[in-house]
Protein chains: 2
Amino acid sequence: MTADLAVAQLTERHRATLDKALQAIRTREYWSPHPEHPKAYGDGHGLDAAEGKAAFEALLGKRFAFDGSGHADQPGTDEWTGAEISPYGIDLGVSYPHADLDTLLAAMRAAMPSWRDAGPETRALVCLEILARINARTHEFAHAVMHTSGQAFTMAFQAGGPHAQDRGLEAVAYAYQEQTRTPSSAHWVKPQGKRDPLKLRTTFKAVPRGVSLLIGCNTFPTWNGFPGLFASLATGNPVLVKPHPRAILPLALTVRIAREVLGEAGFDPDLVCLVAERPGEGIAKTLALRPEIRIIDYTGSTSFGDWLETNARQAQVYTEKAGVNTVVVDSTDDYRGMLGNLAFALSLYSGQMCTTPQNLLIPRDGIDTDAGHKTYDEVVADLAAAVDKLLGDDARANALLGAIVNPQVRERLDGVASLGTVALASRSVAHPEFPDALVRTPAIVTLDGAKPDDEAAYLSECFGPVSFAVAVDSTADALALLRRTVREKGAMTVGAYTTSAEVERAVEEVCEEESANLSLNLTGGVYVNQTAAFADFHGTGGNPAANATLCDGAFVANRFRTVEVRRPE
Amino acid sequence: MTADLAVAQLTERHRATLDKALQAIRTREYWSPHPEHPKAYGDGHGLDAAEGKAAFEALLGKRFAFDGSGHADQPGTDEWTGAEISPYGIDLGVSYPHADLDTLLAAMRAAMPSWRDAGPETRALVCLEILARINARTHEFAHAVMHTSGQAFTMAFQAGGPHAQDRGLEAVAYAYQEQTRTPSSAHWVKPQGKRDPLKLRTTFKAVPRGVSLLIGCNTFPTWNGFPGLFASLATGNPVLVKPHPRAILPLALTVRIAREVLGEAGFDPDLVCLVAERPGEGIAKTLALRPEIRIIDYTGSTSFGDWLETNARQAQVYTEKAGVNTVVVDSTDDYRGMLGNLAFALSLYSGQMCTTPQNLLIPRDGIDTDAGHKTYDEVVADLAAAVDKLLGDDARANALLGAIVNPQVRERLDGVASLGTVALASRSVAHPEFPDALVRTPAIVTLDGAKPDDEAAYLSECFGPVSFAVAVDSTADALALLRRTVREKGAMTVGAYTTSAEVERAVEEVCEEESANLSLNLTGGVYVNQTAAFADFHGTGGNPAANATLCDGAFVANRFRTVEVRRPE
């Protein structure tokens, strides 16, 4: 095999990073090799801001080229499709390959043996080279993520760039560790008393399951996509990337870089392919049932996630679906900090995160705080005021909120008055650069946990900038509702504010029993809806919101199998 | 909590064994803490042969008592049932609790919190104490396994005793390792340039999924049952044991010992319960769909395994189902060794192992051997002669064959003449001690891989003492048929005999692509149908014969979830 990128070179570049990542998943302390600040890029470290913007703009209005690397284009391309329109109003005008699946999947399967035979370390190093090249183009990715997800630039840069790359690297580290827990060979010598011992030489080899399908999402195409993509690739599986029709570009860039690196390292670029779909084609459903597809990673609606889990029986299916995130408000010794923290959590990306709190459970008799007892109405009004204050300046509001990702979110937001009393109305914010962007502040609606009529609202996911201040009879009632919500609807996050050790333990107990991650008394610069790779688990995989967590052993262990060969010695 | 068995005591007794087990799963070298020889027991190390036999005989004809330990009997028992008749002809006459499931499952769920809070190390140590007490009663278990599975005494002793205990210990080691990969707490400190760093204190806790259901099998109640039982218990889940109606006693003994140890260690004995079923009740189907059941371990038919995987969607389902095991015979430099090895593999426990070879693929032009070229007919005749010679002495035959486990196996054996030409007929062997035992030698039937009419026979599992010598056009044809068989029907084992490095590599390639474990050129005292805990994987979990392997990270990683709690620091 002739390769421009030799293993020795990859080892020199990336083995130390892999070792640090392996260390980080053991200690779960803060670590990232990917700078978070836009100014850290350029001047020898990848594209700078202007280069990234230019690179993004150069993609618009064209067919997306996969052969820039000098390698052949994807097999089986039968037409070009794509109709992405930025939530900021730009028509991206990029078209992507649509494929004849028989041809494409056969090519992907044919690419497997040499990738399998390369072994876990080489695969990890190639994945790290892909991530390093993605990292170098973070500014370009930031625009691509911004103009597909609607995230504000800084968030698109960070969450779509270094944070997503961290999650990809974390998956590579878990995959490498899992595949190397078993030695590649062993001598087995079993004593037989006075007779000669029995002796075998045994080899163990990690083998892939088959083609892995990534079904991308609209809001976090890279952050939610990279873990599954890199977990599958690092365990030897080809990955077919089927992006959300509104958020193709960030994953197309990813596929292009992956193909380029694979080719340079002497592997078949068809180990990573993109498939775009014609409007309304619903190709994910067809793909999910193909016998070649043995792994599926999916982020999206509960209904399609459940469909995948029920019907794609030939595949390992990893899903992140809808949930209803709750914050229990019992008491606080930093009332102002709590309000500010919650206001930020509700506002960030207009609440369009799977981790944004939806239901704030507040005792109707009010809560004790460092600023005195506050009634339910005061808490709601003070929170509304905190949101107003946070978003009072349009520049700051635009920087935090981003744009509404799609018409369904806007429709839900427009309909909130029918759900309950609007304590904080959503307002439009003008965007200085993109006049067609739909930027909206979050709404807060009051509901009553004791009213059966309100239950349908607070027990459904209302994805987007809508949260419910749910009045409950007591903290004990709040915990009962929290338990029921997590058990029946799932949750990616739970938050709680309390000064009582007893309440704290009671919330923890509910979270342990219902398998939900908990953030307690956040009042500073960490928010319930943000998690960091290496340190935090994203979801638990143990409640209805997701059947897997990012990232742990279970997320990678079943993406490959170990084949044992025994020979007498 | 007052406990007769303090953690310090358990640590002193078992921590070193746990450490050795953790080492063994890393090196996969030979290791076992459980003596294999019957004479190793007694005289201070558990029951000796006479004591074990007496203990077994004292169980017969009675209600099986769970309260021998002084702890209360199982909750919800509404009647006593059981109709085990030994394949050796004895009516065991033991009755076991049938339960009201609402009562039983509620009690099991109520037992969870303190077991969860005990943490991975204490759980592992308690499991090791259970295994140590089971080990001390190996002679009693041997009789119980023999008189439910039909295994000959020595096999029942070894496979049902120390080997099963090894598999249980292996599962505990994997479970402990998996739960302790993440630290129990971490300090997260994220630099913020000139501002103060963000700081969090994070705790991580392994939490159980819920009640785990073990659906036992008839042939290897302990060997196939212990891995799932101990993997689930060690990860914090209560385990409900639903044995095969013909093989209740070995698992009832297991449950009794587990309850005794749990109680002594200060935990609720209801963490491990037994449920027997009335004849024809089919309680597994009811149990499998209960919302409390979150994990299922099953060994048995493909049809029920598939049903579980499709329908028990609320649970993690681990299945070992039917498969068609193949041996490719290409060439050998030890013809006599090959014949002897295969004869033993076909005879052991009358071929009633999920790992017994079924299809021997032999080129119709014959094979090259150290004893000259042998035609297809010669190979078949010589193998038949080797089986005859191995089983020529009735005492030896009885010691190897054991008894036919159930009427279905006998019926299949009696019908072999309809499948093809019988090259070796099965004969009955008289048992000196148990005149009603049905002891039968294996049959070999010749089939033609080129005849479409023969395909139905060799592409179906014919569980029991029947193997097919399938004539193929070439070794390449044999490999094609091997591939198709593994892909469509699954395989727990593949064997091959060849002196050609090229053929060896080609067989390996098929096994790597279809995910099957391979034994090459076994001619001595190791057999294709035997695997050892810590060293060998049992199945791969990657072909239709099983969706999990015994034992690896994937077998344990999804039996618990990690709940994270973050607090500002």
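Below, read A as the first sequence line, B as the second, and so on, with proteins coming before strands; counting in each chain starts at 1. For clarity, every value in this text was computed on a predicted model and none was experimentally measured.
For chain A, the nearby parts of Arg181(B) are the backbone and the side chain; heavy atoms of each come within less than 4.5 Å. The parts of Arg28(A) that come within reach of chain B are both its backbone and its side chain, each placing non-hydrogen atoms under 4.5 angstrom from that chain. Using a 4.5 Å cut-off between heavy atoms, Pro113(A) touches chain B through its side chain atoms alone. Contacts between Ala516(A) and chain B at a heavy-atom distance below 4.5 Å involve the backbone alone (N, CA, C, O). Using a 4.5 Å cut-off between heavy atoms, Arg487(B) contacts chain A through its side chain alone, with no backbone atom that close. Within the 4.5 angstrom heavy-atom criterion, only backbone atoms of Val189(A) (N, CA, C, O) approach chain B. When heavy atoms are compared at a cutoff of 4.5 Å, Lys190(A) approaches chain B by way of both its backbone and its side chain. Proximity to chain B (any heavy atom under 4.5 Å) is shown, for Gln192(A), by neither the backbone nor the side chain. Residue Thr310(A) touches chain B through both its backbone and its side chain, counting heavy-atom pairs closer than 4.5 Å. Only the side chain of Arg109(A) comes within contact range of chain B, with heavy atoms under 4.5 Å apart. For Arg195(A), no part lies under 4.5 angstrom from a heavy atom of chain B. For Phe560(A), no part lies under 4.5 angstrom from a heavy atom of chain B. If you measure heavy-atom distances from Leu198(A) to chain B, the contacts under 4.5 Å come from the side chain alone. For Arg201(A), no part sits under 4.5 Å from any heavy atom of chain B, backbone or side chain. For Arg567(A), the parts lying under 4.5 angstrom from a heavy atom of chain B are both the backbone and the side chain.
Counting heavy-atom pairs under 4.5 Å between each of Pro208(B), Pro191(B), Ser519(B) and chain A puts Ser519(B) at the top. Highest contact tally toward chain A, considering only Lys199(B), Arg116(B), Arg209(B), is held by Arg116(B) [criterion: heavy-atom pairs under 4.5 Å]. Between chain B and the residues Ala548(A), Gly541(A), Ala186(A), the largest count of heavy-atom pairs under 4.5 Å involves Gly541(A). For chain B, the option among Met112(A), Glu309(A), Glu36(A) with the highest count of heavy-atom pairs below 4.5 Å is Glu309(A). Looking only at heavy-atom pairs under 4.5 Å with chain B, the residue among His187(A), Arg294(A), Gln177(A) that has the most is Gln177(A). Interface summary for chain A: among Gly542(B), Ala554(B), Ala557(B), the most heavy-atom pairs under 4.5 angstrom belong to Ala554(B).
Under the 3.5 Å distance criterion, the side-chain polar atoms of Asn517(B) are matched with a main-chain donor or acceptor of Glu564(A). Proximity of a side-chain donor or acceptor of Arg566(B) to a complementary backbone N or O of Val526(A) within less than 3.5 Å is not detected.
Within the 4.5 Å cutoff, no side-chain heavy atoms of Leu518(B) are placed close to those of Val563(A). Taking the side chain as every heavy atom from C-beta outward, Phe537(B) and Thr562(A) approach each other to under 4.5 Å. Counting heavy atoms from C-beta on, the side chains of Tyr30(B) and Pro197(A) never come closer than 4.5 Å. Contact of the Pro183(B) side chain with the Thr27(A) side chain is not registered, since no non-hydrogen atoms from C-beta on lie closer than 4.5 Å.
Atom CZ of Arg313(A) sits about 9.0 Å away from atom CG of Asn547(B), to the nearest 0.5 Å. Within the model, atoms NZ of Lys205(B) and OG of Ser515(A) stand 12.0 Å from one another, a figure rounded to the nearest 0.5 Å. To the nearest 0.5 Å, atoms CG (Asp536(B)) and CG (Leu200(A)) are separated by 7.5 Å. How far OG1 of Thr182(A) is from CD1 of Ile25(B): 8.5 Å, rounded to the nearest 0.5 Å.
Salt bridge present: Arg561(A) and Asp552(B) bring a charged side-chain N and a carboxylate O closer than 4.0 Å.
Considering every non-hydrogen atom in both Phe204(A) and Ala535(B), the closest pair reads CZ-O, 3.3 Å.
Listed by sequence position, Glu504(A), Arg505(A), Glu508(A), Glu509(A), Cys511(A), Glu512(A), Glu513(A) are the residues of residues 503-514 of chain A in contact with chain B, using a 4.5 angstrom heavy-atom cutoff.
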